[in-house]
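Indexing begins at 1, ligand by ligand and atom by atom, following the structure's order.
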Amino acid sequence: MISEKMKPLVNNNSAIRAMFEEGNQLKAIYGADKVYDFSLGNPNVPAPAEVKQAIIDILNEEESTMVHGYMSNAGFEDVRETIAQSLNRRFQTNFSAHNLIMTVGAASGLNVALKTILNPGEEVITFAPYFVEYGAYVSNYDGKLVVISPNTETFQPNLTEFETKITAKTRAVIINTPHNPTGVIYSEETLRKLAAILEKKQKEFGSVIFLISDEPYRELAYDGAVVPYVTKYYKNTIVGYSYSKSLSLPGERIGYLIIPDELEDSENVINAAAIATRVSGAVNAPSLMQRVIMRCVDAQTDVSYYERNRNALYQGMTDAGFTCIKPQGAFYLFVKSPVENEKEFCEAAKKYNILMVPGSSFACPGYVRLAYCVSYETIINSLPYFKKLGADYGL
Ligand code: PLP
């Protein structure tokens with residue numbers, strides 16, 4: 001009785017659930033500390049202490065009907081203004097409350113953005129490897145996802161192919177930086193080139209092409225790496241942000257969209273995005289969490305924890321003979337499978353209780369993703385097994 005659109009999603013979900021259940025089974029048999037589960041992007045650093053304190057203070061100090069009530073679909077104005085000012089301080093931007101729509105995490109933000117701008121049959125381009133949910137989000141609004149093949153040298157986007165795939169039907173391009181699953185940060189040079197291509201194609205087709213920058217990992221950057229602020233390079237940019245990773249609040253579902261004034265027809269787009277939030281069923285972003293963000297706007301997770309994990313895992317994996325590029329941000333390592341069929345490699349790793357996600361889940365077969373948002377001990381204890389696994393493949 002389920003709809004045609006849901007059927008492929010249900011089948012795909014069974015595969016993800018099977019992997020999750022397999023992990024739980026291994027943990028029940030061998031003990032959680034003997035299973036090296038690198039499959040999930042769930043932050044393991046606790047939310048900053050300010051978050052807990054803010055929740056307590058809000059409940060004690062602010063009025064219940066306001067804290068838990070409905071508000072404008074775009075979110076509380078004082079919260080949006082506070083975030084805008086924080087962004088302006090940190091990235092020399094020029095936003096105000098008006099440019100923000102509070103969202104139910106990045107996932108909902110992307111859905112709101114696509115619902116706002118996409119007509120049935122229009123195309124949305126993204127670059128492999130990519131976060132697989134983009135396909136479902138685009139299909140929610142009857143768009144077509146067009147995937148650009150990966151540039152496996154650097155994992156910066158393949159702009160040569162990109163230019164050839166833009167058509168009169170291209171309505172949006174989704175990028176993600178810092179990047180899941182490779183940890184790459186799109187460089188200034190990449191963004192300038194990408195913007196130049198989009199400007200040229202908008203002129204050629206007399207169309208507007210929106211660039212949607214999905215940035216839940218913006219704060220997770222290592223070695224002092226700078227994550228360029230995308231609105232500065234291309235005026236038709238919509239930014240999707242989330243506190244899921246930066247404040248370790250993935251279950252709380254809080255984030256925002258930025259729709260800058262310089263974006264084409266911005267007034268109408270902003271207005272439509274607020275309405276899209278309502279009719280998508282979210283109505284508005286969670287009110288208590290909005291109040292929390294107001295008080296914790298400059299709070300930070302312990303990035304050094306992930307950086308230490310990155311260093312240990314990258315070093316360990318390269319010492320074991322694996323090929324991977326050193327992540328600049330996020331908390332994922334994308335490793336070349338020693339055999340072409342990376343699913344076979346993931347299966348083989350299970351004999352050492354190692355769980356990884358095949359690259360084909362990100363439209364990039366031949367690679368595997370390791371999420372290093374796990375304890376440091378898990379990484380250190382897993383390394384001898386990765387060495388054995390590598391040796392099994394002659395590394
Ligand atoms: N975009 C990317 C690239 C992600 O990796 C994730 C989550 O892992 C999301 C979006 C969804 O984030 P949220 O939990 O804030 O909806």
Side-chain angles (χ1 to χ4, degrees), residues 12-13 16 19-20 37-45 47 51 75 83 100-115 124-138 140 145 147-148 150 155 157 172-186 211-221 227 230 238-258 276-277 280-282 284-286 289-290 292-293 301 306 327-334 356-357 359 361-364 369-374:
N12 191 35
N13 198 51
I16 294 169
M19 188 159 74
F20 187 66
D37 187 351
F38 293 98
S39 62
L40 279 182
N42 203 7
N44 71 317
V45 172
V51 169
I83 296 170
L100 273 93
I101 308 281
M102 299 306 294
T103 64
V104 185
S108 163
L110 291 168
N111 272 278
V112 166
L114 291 168
K115 185 165 183 65
V124 178
I125 299 182
T126 199
F127 299 91
Y130 68 94
F131 181 56
V132 70
E133 301 284 84
Y134 293 162
Y137 302 163
V138 169
N140 282 346
L145 189 72
V147 179
I148 307 300
F155 287 109
V173 176
I174 305 179
I175 58 170
N176 163 225
T177 173
H179 188 239
N180 174 10
T182 64
V184 159
I185 294 173
Y186 285 11
L211 179 59
I212 301 175
S213 183
D214 179 25
E215 309 189 344
Y217 303 96
R218 164 164 286 281
E219 264 61 60
L220 305 187
V227 184
V230 183
I238 298 175
V239 175
Y241 184 80
S242 162
Y243 294 93
S244 292
K245 320 287 170 167
S246 63
L247 293 184
S248 295
L249 295 173
E252 299 296 350
R253 316 304 306 137
I254 185 75
Y256 58 80
L257 287 177
I258 293 278
T277 303
S280 70
N284 55 251
M289 280 304 127
Q290 291 191 49
V292 169
I293 298 305
T301 191
Y306 296 126
Q328 300 164 287
F331 41 48
Y332 306 107
L333 185 72
F334 208 49
M356 316 178 282
V357 182
S361 300
F362 305 90
C364 191
R369 187 194 78 172
L370 303 184
Y372 55 82
C373 44
V374 296

ask   = Between Pro250 and ligand 1, which part of the residue brings a heavy atom under 4.0 Å of the ligand: side chain, backbone, both or neither?
value = neither
request  = Before signing off on this row, confirm whether Asn180 and ligand 1 have an N or O atom pair separated by under 3.5 Å.
outcome  = yes
query = Can you find an N/O atom of Tyr134 closer than 3.5 Å to an N/O atom of ligand 1?
reply = no
request  = Kindly say whether Val239 contributes a backbone atom to a donor-acceptor pair with the side chain of Glu215 at under 3.5 angstrom?
outcome  = no
task = State, to 0.1 Å, how close Pro327 and Tyr372 come at their nearest heavy-atom pair, and which atoms those are.
result = CB-OH, 3.8 Å
key: Ring centroid separation Tyr217 to Phe331 under 6.0 Å   = yes
key: Part of Ala106 within contact of ligand 1 (heavy atoms, under 4.0 Å)   = both
inquiry  = Show me which atoms of ligand 1 lie under 4.0 Å from any heavy atom of Gly105.
reply    = 15 (O), 16 (O)
remark   = shortest atom 6 (C) of ligand 1-to-protein heavy-atom contact is with Phe131 CZ, 3.5 Å
ask   = Please state which protein non-hydrogen atom is closest to atom 15 (O) of ligand 1 and give its distance, to 0.1 Å?
value = Ser242 OG, 2.6 Å
task = Please work out whether the ring planes of Tyr243 and Tyr241 are parallel, tilted or perpendicular, with thresholds of 30° and 60°.
result = perpendicular
inquiry  = So which atom in Pro43 and which in Lys245 form the shortest heavy-atom distance, rounded to 0.1 Å?
reply    = CG-CA, 4.1 Å
remark   = Per-atom filter on ligand 1: closer than 4.0 angstrom to a heavy atom of Asp214 are 1 (N), 2 (C), 3 (C), 10 (C)
ask   = Ignoring hydrogens and geometry, is there a side-chain-to-backbone donor-acceptor pair from Asn176 to Pro178 under 3.5 Å?
value = yes
request  = Locate the shortest heavy-atom distance separating Leu257 from Ile238; write the atom from each residue and the value.
outcome  = CD2-CG2, 4.1 Å
ask   = Can you list the ligand 1 atoms lying under 4.0 Å from a non-hydrogen atom of Asn176?
value = 3 (C)
inquiry  = With a heavy-atom distance limit of 4.0 Å, tell me whether Arg253 approaches ligand 1 through its side chain, its backbone, both, or neither.
reply    = side chain
key: Closest non-hydrogen atom pair, Cys364 against Pro150   = SG-CG, 3.8 Å
request  = Indicate, as side chain, backbone, both or neither, the part of Glu133 found under 4.0 angstrom from ligand 1 when only non-hydrogen atoms are considered.
outcome  = neither
note = Within 4.0 Å of some non-hydrogen atom of Lys245, the atoms of ligand 1 are 7 (C), 8 (O)
query = Does ligand 1 have an atom under 4.0 Å from some heavy atom of Pro216?
reply = yes
message = Once you restrict to heavy atoms under 4.0 Å, what part of Tyr217 touches ligand 1? Side chain, backbone, both or neither.
response = side chain
query = Minimum heavy-atom separation for Ala221 to Ile185, with atom names?
reply = CB-CD1, 4.0 Å
task = Determine yes or no for a side-chain-to-main-chain donor-acceptor pair under 3.5 angstrom, with Thr177 supplying the side chain and Tyr186 the backbone.
result = yes
request  = Taking only heavy atoms of Ser244 into account, list the atoms of ligand 1 that are under 4.0 Å away from them.
outcome  = 13 (P), 14 (O), 15 (O)
